[in-house]
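Just below is one structure, and these are the notes that go with it.
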Amino acid sequence: MLEKITPRTEDFSRWYTDVIAAGQLADYAPVKGCMVIRPNGFALWENFQRALDGMFKETGHENAYFPLFIPESFLKKEAEHVEGFAPECAVVTHGGGKELEEPLVVRPTSETIIWAMFRKWIESYRDLPLLMNQWCNVVRWEMRTRLFLRTLEFLWQEGHTAHGTAEEAEEETRRMLEVYRRFAEDWMAMPVISGIKTEREKFAGAVRTYSIEAMMQDRKALQSGTSHNLGQNFARAFDVTFQNERGEREFVWATSWGVSTRLIGALIMTHGDDKGIILPPKLAPTHCVLIPIYKGEDQRALVLERLEAIGNTLSPDFKVKVDKREGYTPGWKFYDWEQKGVPLRVEMGPRDLAKNQVVLVRRDTGEKIPVGTEGLVDRVRDVLDAIQRSLFEKARSLMLQNSVTLDDYLDVVRFLEGPGGFVYGRLCNSFSCEEKIQEETKATVRCIPFDRPPDPGPCLVCGKTVDGRVVIAKGY
RNA sequence: CGGGGCGUGGCGCAGUCUGGUAGCGCACCUGCUUUGGGAGCAGGGGGUCGGAGGUUCAAAUCCUCUCGCCCCGACCA
């Protein structure tokens with residue numbers, strides 16, 4: 001269980017897999033490209049789900065569940081969509097010992113089957129908006145996989161909504177991206193850039209795709225959530241119409257949006273250090289781990305009794321664990337819980353007992369803070385809040401320090417050849433200009449940020465005048 | 001699919017070139033002593049050496065075939 005973690009500076013991708021193994025977050029499954037999410041990882045995912053699901057409900061969405069299997073013909077109904085997904089689909093051809101009349105695709109995403117159902121449910125403008133979400137697994141047959149970031153099967157949430165006007169659909173698309181931004185920043189303590197995807201990078205079948213992009217510690221970008229305005233593409237493909245207030249038939253306007261277990265990978269690569277993962281307090285399955293320190297049987301009984309009492313005073317407000325395991329030294333336990341990313345350690349030994357205090361140790365900074373047992377709940381809350389804030393600030397300064405504004409094409413190439421980061425550069429929204437940058441640097445346009453100031457100038461590649469800058473970076 | 005690497009107790013490896021019947025570290029079990037940053041000693045359990053076939057008195061080791069995994073490239077949340 002306890003292994004040494006490769007330092008980030010030595011080999012970032014090995015560091016990443018080491019952190020996952022050491023924290024017992026996931027393991028490789030017997031099926032190539034698939035993973036097992038272990039209890040430590042799944043507890044995290046459950047907290048992600050809880051927080052996100054609450055926000056979905058607040059914005060009026062309801063959960064439902066649609067089938068894993070999709071008739072192959074459904075997928076083929078939307079031209080761009082099938083083109084985007086067909087190569088990475090798993091297809092079931094046999095069932096019950098017989099070849100199926102029509103193959104069933106294992107969902108890579110559920111637009112098609114959901115819109116086949118929306119057709120039955122939507123008749124009038126009174127049925128709109130229809131705001132739905134499902135938590136499920138999807139399968140995409142990827143060539144190269146990495147734990148949490150890209151596996152054949154992954155868990156996610158997919159929202160699907162239907163609206164009566166283009167404006168409402170656009171509002172919904174932006175609203176849900178904003179929900180993702182808030183989740184990333186307020187809960188995960190992960191700063192992101194919100195923006196619109198280029199034509200080249202948008203979702204197959206969408207009119208517009210928005211995303212939130214985060215910078216990992218290796219300075220590569222990770223798309224952490226997407227929201228699509230699907231226009232009337234799926235309504236047309238599945239013939240979903242409604243009667244408006246004036247009695248006219250119209251195609252419905254659609255959106256879809258999702259985040260996945262990839263966010264766990266994002267969390268690891270945003271906050272982790274050479275000791276392992278660091279969990280932001282707002283999402284940590286365990287906030288505080290209490291570790292007793294003693295010599296001999298008598299002390300053990302005294303310290304444990306006191307520590308249990310402290311655990312009880314903390315447990316109404318925080319998720320607390322008392323590590324009573326015997327046969328392990330305190331030092332061993334420190335490392336163990338650090339690898340698991342628990343934000344706050346509470347130590348108590350004979351010296352603390354005498355002074356009626358405990359020692360709080362921050363996972364993120366290692367700082368040791370002796371505090372009296374009086375008013376401990378408030379102190380713990382303060383320290384956890386401080387950790388949450390400081391994780392965000394640290395990540396934000398990494399992103400700012402590694403973002404540059406460049407106007408010269410060669411400077412961009414040179415920057416991306418080095419340690420890299422985010423380039424704010426001018427690029428027109430054409431396939432060919434973006435392709436040229438990608439061919440030469442492996443970087444792509446991550447997004448066209450919402451909050452970009454007007455800053456007209458020539459496109460880095462073709463020289464055509466554009467009115468502002470985009471974010472260019474290597475991505476996952 | 002192209003390039004590279006690796007399959008030997010749970011994990012990490014040595015042994016392979018030069019055949020002689022399997023070893024080390026960690027982990028695990030028992031006991032005693034320990035416990036403020038990965039404890040020590042003693043004892044113990046666990047492997048048909050990825051699989052199949054062949055050569056040989058004898059194969060982890062040599063030959064043939066096969067299967068699997070990891071890493072690096074082209075696509076993706």
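The chains referred to below are lettered A, B, ... by the order of the sequence lines, with proteins before strands, and numbering in each begins at 1. For clarity, every value in this text was computed on a predicted model and none was experimentally measured. Both backbone and side-chain heavy atoms feed into the values below; hydrogens, waters and symmetry mates do not.
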Suppose we call two aromatic rings close when their centres sit under 6.0 Å apart. Are A/F69 and A/F74 close by that rule? no
Report the nucleotide, chosen from B/rG37, B/rG36, B/rC75, that has the shortest atom-to-atom distance to any side-chain atom of A/E142. B/rC75
Just to be sure I understand the rule, does A/R351 reach a base, reach only the sugar-phosphate, or reach nothing, if contact means heavy atoms closer than 4.0 Å? base
Quick one: label A/L222 by what it contacts on the DNA or RNA (base, sugar-phosphate, nothing), any heavy atom closer than 4.0 Å. nothing
Go through B/rA77, B/rG38, B/rG36 for me and flag the one nearest to the A/R262 side chain. B/rA77
Could you measure between the two P atoms, the one in B/rG25 and the one in B/rC65, and give it in whole Å? 38 Å
From CD of A/E111 across to P of B/rA77 the rounded distance in Å is 12 Å
Parallel under 30°, tilted from 30 to 60°, perpendicular over 60°: which one fits the rings of A/F183 and A/W187? parallel
To the nearest angstrom, how far is A/E347 atom CD from B/rG38 atom P? 12 Å
Which heavy atom of A/S403 sits nearest to which heavy atom of A/M215, and what is that distance? OG-CE, 4.1 Å
Has A/K394 got more than 12 heavy atoms of other residues, nucleotides or ligands less than 6.0 Å from its NZ? no
Nearest-nucleotide check on RNA chain B, A/G475 vs A/F334; residue mapping nearer the 5' end is A/F334
Answer with yes or no whether A/D352 presents, from its side chain, a donor or acceptor under 3.5 Å of a partner atom in the base of B/rG36. yes
Atom CH2 of A/W257 and atom P of B/rA77: how far apart are they, to the nearest Å? 17 Å
I want to check a possible cation-pi pair here: A/R262 against A/F154, using under 6.0 Å from ring centre and within 45° of the ring axis as the test. no
Please state whether the rings of A/W115 and A/F118 are parallel, tilted or perpendicular, taking 30° and 60° as the class boundaries. perpendicular
Distance in angstrom units between A/W332 CH2 and B/rA27 C1', rounded: 10 Å
Taking A/R8's backbone N and O only, do any of them form a donor-acceptor pair with A/D274's side chain (distance below 3.5 Å, no angle check)? yes
Would you measure the distance from the P atom in B/rC41 across to the matching atom in B/rC24 and give it in whole Å? 16 Å
Tell me whether A/R208 is salt-bridged to A/E170, with the criterion being a basic N under 4.0 Å from an acidic carboxylate O. yes
Return the pairing partner of B/rC24 with a 3.5 Å limit on both distances, Watson-Crick or G-U wobble; otherwise return none. B/rG12
Just how far, in rounded Å, is C1' of B/rC76 from NE2 of A/H228? 12 Å
Any luck finding a side-chain donor-acceptor pair between A/T173 and A/S227 under 3.5 Å? no
Nucleic acid footprint by protein, nucleotides 3-8 of chain B - heavy-atom cut-off 4.0 Å, B for base, S for sugar-phosphate alone: ------
Closest nucleotide among B/rG36, B/rG37, B/rC76 to the A/R150 side chain: B/rC76
Students often get this wrong, so: under 4.0 angstrom with heavy atoms, is A/V359 touching a base, only sugar-phosphate, or nothing? base
By the Watson-Crick or G-U definition, both distances under 3.5 Å, B/rA42 is matched with B/rU30
Can you tell me the base-pairing partner of B/rA59? Count Watson-Crick or G-U wobble geometry only, both distances below 3.5 Å, and say none if there is no partner. none
Do A/K197 and A/E213 meet the salt-bridge criterion of a basic N to acidic O distance under 4.0 Å? yes
Distance check needed: B/rC76 C1' versus A/H81 NE2, whole Å only. 14 Å
Measure from CG on A/D18 to C1' on B/rC26 and round the result to the nearest Å. 15 Å
Hunt down the Watson-Crick or G-U wobble partner of B/rU18, both distances under 3.5 Å, from any strand shown, or write none. none
Could you check whether A/G349 gets within reach of a base, just the sugar-phosphate, or nothing at all, counting any heavy atom under 4.0 Å? base
What's the gap between B/rU56 and B/rG46 when it is taken at their P atoms, as a whole Å value? 35 Å
Which of B/rC76, B/rA77, B/rG38 is nearest the side chain of A/F154? It is B/rA77
Who is the Watson-Crick or G-U wobble partner of B/rG7, with both distances under 3.5 Å? B/rC67
Is the shortest side-chain N to carboxylate O distance from A/D273 to A/K275 below 4.0 Å? no
Gap in Å between the two C1' atoms, one belonging to B/rC67 and one to B/rG50, rounded: 7 Å
Is there, by distance only and without an angle test, a donor paired with an acceptor across the side chain of A/E338 and the base of B/rG37 below 3.5 Å? yes
Measure OH/A/Y294 against C1'/B/rA39 and give the value in whole Å, please. 13 Å
Axial cation check for A/F450 ring with A/R181, 6.0 Å and 45° limits: no
Go through the steps to decide whether A/R345 and A/E338 satisfy the test salt bridge (Lys or Arg N to Asp or Glu O under 4.0 Å), and finish with yes or no. CA-CA 9 Å; A/R345 180 168 84 227; A/E338 277 164 359; 3.1 Å; yes
Interatomic distance at P, B/rA59 relative to B/rA22, whole Å: 12 Å
Sticking with atom C1', work out how far B/rG10 lies from B/rC29, rounded to a whole angstrom. 14 Å
Does the distance from a Lys or Arg side-chain N to an Asp or Glu carboxylate O, for A/R175 and A/E178, drop under 4.0 Å? no
Of all heavy-atom pairs linking A/E185 and A/V192, the shortest is OE2-N, 3.0 Å
B/rG2 pairs with which nucleotide, Watson-Crick or G-U wobble, both distances below 3.5 Å? B/rC72
Could you work out the separation of B/rA42 and B/rG47 based on their C1' atoms and round it to a whole Å? 25 Å
Select one nucleotide: of B/rC76, B/rG38, B/rG36, the one nearest the side-chain heavy atoms of A/Y335. B/rG38
Taking atom P in both B/rC70 and B/rC13, what distance in whole Å separates the two? 15 Å
Protein heavy-atom contacts under 4.0 Å, written 5' to 3' over nucleotides 29-34 of chain B as B (base), S (sugar-phosphate only) or - (none), form the string ------
Name the residue closer to the 5' end of RNA chain B, choosing between A/P350 and A/G225 according to the nucleotide with the nearest heavy atom. A/P350
Once you apply the 3.5 Å cut-off to both distances, tell me the Watson-Crick or G-U wobble partner of B/rU35, or none. none
Between the protein and nucleotides 69-74 of chain B, list the N/O to N/O atom pairs that are separated by less than 3.5 angstrom.
unit_1	atom_1	unit_2	atom_2	d
B/rC72	OP2	A/R144	NH2	2.6
B/rG73	OP2	A/R144	NH1	3.2

